[in-house]
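Here the structure comes first, spelled out in structure tokens, and everything after it is commentary.
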Number of protein chains: 2
Amino acid sequence: MTTLTAAQRRAREQRAHEAFVKVCPTNRLLALISDKWVSLVVSALAGRGTLRYSDLRREIPGVSEKMLTQTLRSMERDGLVTRTVTAAVPPRVDYELTELGRDLTGLIFTVRDWAEANIARIDAARAGYDAAS
Amino acid sequence: MTTLTAAQRRAREQRAHEAFVKVCPTNRLLALISDKWVSLVVSALAGRGTLRYSDLRREIPGVSEKMLTQTLRSMERDGLVTRTVTAAVPPRVDYELTELGRDLTGLIFTVRDWAEANIARIDAARAGYDAAS
DNA sequence: CAGTATCCGACGTGATACTG
DNA sequence: CAGTATCACGTCGGATACTG
């Protein structure tokens, strides 16, 4: 059979779309920077240069150990930070932005600037919409 | 008692952080544009001007009616698109970007360009990391 | 100090069916 | 044509406890 039901066609489109979204650079980057903690880690490191694990915990109030570790690991894997272990007692681990990480900082700041310049327009639209309902 | 346990202090920080994140313009904007469908709707409308609901479904393969409706409603609420209903048989609803929506398009394209220019560096870092493990 | 391990509840997403 | 309503599932993030 070369004919497909509507459901089958939609299912096929769905799979094709899923595959596309997974490799689409824009979506992958958005997933990266919109991660709940990544931009906060980037901002902390951008301002301070090098920070220890415990420094980062202090700089980012509210982050749990689990999420901070997980975030740092994925950022290391993506080449955004370097992780330097110093064998000592007590143990010491330093994190620093790579060049790629610093390049990404520029983009994040661009987004931040647009947000701060335009969020009021979104809020106004939202207020109007909610009032009209 | 003015003294707090570590757990109490952390819980307080947590709530303060939650409150901060909710109002932080950058996080709010990132949540908006990193929505799975928003950037796709913006791209579709940016290229075509005005589109009907069914056109959008066709332009964005894999979107369900539920998610498309939900996305369009939130975008209308945020002032990114206008929704124009034409009373007729069959019913007709047109969607178009607002000026704010077109401004946002510029930012999304900036992100897209950065992504396309730099995704290879991330992939390379990832490949190296995974190979070393 | 810098993590790791496990459990669990909330939320986002999609499938399916129905409507003005 | 353009939606709405309901259900089910998977993932993410947090709380808690333990370790080299």
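Convention: sequence-line order gives letters A, B, ...; per-chain numbering from 1.
The shortest heavy-atom contact between A:A44 and A:L51 is O-CD1, 3.9 Å. Between A:L56 and A:Y95, the shortest heavy-atom contact is CD1-CD1, 3.9 Å.
Atom CZ of A:R126 has more than 12 neighbouring heavy atoms from other residues, nucleotides or ligands inside a 6.0 Å radius.
Regarding contacts with the backbone of C:dG14, a side-chain N or O of B:W37 is found under 4.0 angstrom from either OP1 or OP2. Considering only side-chain N and O atoms, B:R73 lies under 4.0 angstrom from the phosphate OP1 or OP2 of D:dT4. Contact between the side-chain N/O atoms of A:R52 and the OP1/OP2 oxygens of C:dA2 is found at a separation under 4.0 Å. OP1 and OP2 of D:dA2 both lie 4.0 Å or more from every side-chain N or O belonging to B:R57. Residue A:K36 places at least one side-chain N or O under 4.0 Å from the OP1 or OP2 atom of D:dG14. For C:dG3, neither phosphate oxygen OP1 nor OP2 lies less than 4.0 angstrom from any side-chain nitrogen or oxygen of A:T69.
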Encoded 5' to 3' (Watson-Crick or G-U under 3.5 Å; [ ] crossing; | other strand), DNA chain D becomes ||||||||||||||||||||
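Along DNA chain C, the nucleotide nearest to A:K66 and the one nearest to A:P90 differ in position, and the one closer to the 5' end is contacted by A:P90.
Checked by atom type and distance alone, the side chain of B:R77 never pairs as donor or acceptor with a backbone atom of A:D130 at under 3.5 Å.
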**Q.** side-chain contact (heavy atoms from CB on, under 4.5 Å) between A:D55 and A:T50, intermediate numbers included
**A.** CA-CA 9 Å; A:D55 293 331; A:T50 301; over 6 Å; no
